[in-house]
Amino acid sequence: MEPSQLFKGYNFLLVPFLRTKLASFRHNLYTKNGATLYPTINQFAKQVKKFNSELIPDYYDSEEALHYTTIIVVEDEEKLTDMTSLSSYLKVPKSGFPLDEYKVLRLAWVTDSLEEKKLLPYSKYLFSFPEQKGKVKRERESESLSDVKEEKEPSKKRKRKSVDEEHSLIFEKLASPPKIEDIKKKVLADSESLRASTPESDEEDLKNMSNNELIIHYFSQMAKERKVEGLQFKSLSYLRAINAIKNAPKEIECREDALSIPKIGKSLADHCVEIIETRKFGQLKRQQESTEAHVMKELQKIHGVGAVISEKWFNHYGVRSIPDIFEKVPESEFTDAIKLGLYYYYDWNQKIPREEVTAHSEFVSDVGKKIDPKFIVQTVGSYRRETKTCGDVDFFIMKEDCNDETKLSQFLTTLVKELFKSGYLKCSLFPAHDQLLKFLTGGQLTDKKFCRRVDFLAVKWKYRAGALIYFTGNDILNRYMRTLANNKGLRLNNEGLFKPKRRVIDEANKMGIRLSKMHFKEDDWTLVEGEDEEKIFNLLGLRYLEPKDRNIGNLSEIGGFRL
DNA sequence: AGGCAGTACTG
DNA sequence: CAGTAC
DNA sequence: GCCT
């Protein structure tokens, strides 16, 4: 390979600094391409000193520049177990050294960059220690959306921006989606390097399953298939049936057994019989094998793409794969949300290990505490339901006795700004408006590989329980509770449990429609309960469910809950 | 035959 | 308003 | 796809 000077101006701290033949060969390659290599901090620090005195005597600029161009390259991942081992390999002096302010990248970043003849974004190559507990580091620059090349040229004259200017700049940057070229690049790179994890096909387990377990197994897959097809209510029927089967007193042996279970009608009973007798579900298999279903499923994993858009892309534009989208679908079809959905296609479809969500929680709540310790930042969603993995991270914000939306909004705005400045927040799925109470974004911890979906919701104190129930979910429980409320002439929403005022009842009667169909106007309904979760459950005639018992309809659910 | 949760955001 | 997401 |  001819020297490209690709890494010109870059400092590589190599850990461990290996002296094998192969390593020497690699090191030679790095230096040929312009990199300067360092085995220990001591030698690097000398360079830092020189760097700082030679360049503009502006601490801010020079340090920042150094951060852009200094990379810790992990040459042997197995030898690095934690921060301590990293320090010892680099021989960090007693006086200390801010190691955690530098990017720690896997060797693959260097080799892939050489291969591609360009500096690749760091995001996919961030090294993280195995089993690392939630300790999180800050990063100085916000990467990801901008190209690495832009980052390595720090602006020479960085003047202090006014608060307003900085504010609008941050939100502008958060809101603007990446360029199509960059999206394409990342999506293609992801689909290559990070081959889709093989779907767990547990043929063996199927044989050992009881009738009911097998039916649930197939039904839950069928629910997904129906949803992808856009048949949301059929999908819902399967989910409801699953829950009913879980609560059924005995094994389903025949058609009558199935029909005796609520939510199982003629059609589902037939499916049950087929599954019991053949241990297979033909309709499901055919569905799963059709290319249309397969492609639609892939497309709908893009945030912002649902049943209608995926169908259009499949039939009208002939899209058959994710990379296909860039060839066949006109750019005008991409909303900002879809652009982000594509850019983070791979990231956002990964399950998040519970431990990582804990790390997110600690990081975000620490930032929140520094802004104002009186605000409570609680992690809800599936994390609160104690699931082992989460699809996203949900943050719930409130402050004791605070029902002032302006105050809540101010806090959330500041929080978002700080999180952006620290490099954690990467994007926003819709522009932040003046009363910022809800914010949907992507967030990434510096030592983690993936950007995650992160949601924020700030709520008034008096509505905290209603909001908490809503935001904790799961969705099936939410729907069930709202239906229950309707049946009692009440109304449950994101704020709390409401009862109708006299005149609404009269009006509904006069119009001959159900109360729940009445347009919800604050004036027409009285808040019954919004501060106590347990009271809301009880008012609906339910026993209180601990968050961990709210995974209704989930395969991993234990115990079951009678809906 | 009509409902199936209720709300908020984009375009 | 339709579409999507929470 | 089930229930009313």
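Hydrogens, waters and symmetry mates are skipped; everything else that's a heavy atom, side chains included, is used. Predicted model only: the values in this text are computed from it and were never measured. Just so we're on the same page: letters track the sequence lines, and every chain starts at 1.
A close approach under 4.0 Å does occur between a side-chain nitrogen or oxygen of A/Y238 and OP1 or OP2 of D/dG1. For A/R453, a side-chain nitrogen or oxygen approaches OP1 or OP2 of C/dC6 to under 4.0 Å. The side chain of A/R226 contributes no N or O atom lying less than 4.0 Å from OP1 or OP2 of D/dC2. Proximity of A/H433 to the phosphate of B/dC9: a side-chain N or O atom is located under 4.0 Å from OP1 or OP2. Close to B/dG6, at under 4.0 Å from its OP1 or OP2, lies a side-chain N or O of A/N486. Phosphate proximity of B/dA5 to A/N478: absent, as no side-chain N or O sits under 4.0 Å from OP1 or OP2. Taking side-chain N and O atoms only, A/R479 has a distance below 4.0 Å to OP1 or OP2 of B/dA5.
Heavy atoms of A/D392 sit nowhere under 4.0 angstrom from any nucleic acid atom. At a threshold of 4.0 angstrom between heavy atoms, the contacts of A/L231 with the nucleic acid are absent. In this structure, A/F430 reaches the sugar-phosphate backbone alone: every heavy-atom distance under 4.0 Å involves primed, P, OP1 or OP2 atoms, never a base.
Atom CD in A/Q232 sits roughly 14 Å away from atom P in B/dG6 (whole-Å rounding). Between A/L440 atom CG and B/dC9 atom P the separation is 9 Å, expressed in whole Å. In this structure, A/Q300 places its CD atom 8 Å from P of C/dT4, rounding to the nearest Å. A/I309 has its CD1 atom 19 Å from the P atom of B/dC9, to the nearest Å. Going from atom NZ of A/K438 over to atom C1' of B/dT7 covers 7 Å, rounded to whole Å.
The ring of A/F450 has its center closer than 6.0 angstrom to the ring center of A/Y346.
A/E229 CD to A/E292 CD: the interatomic distance, rounded to the nearest 0.5 Å, is 8.5 Å.
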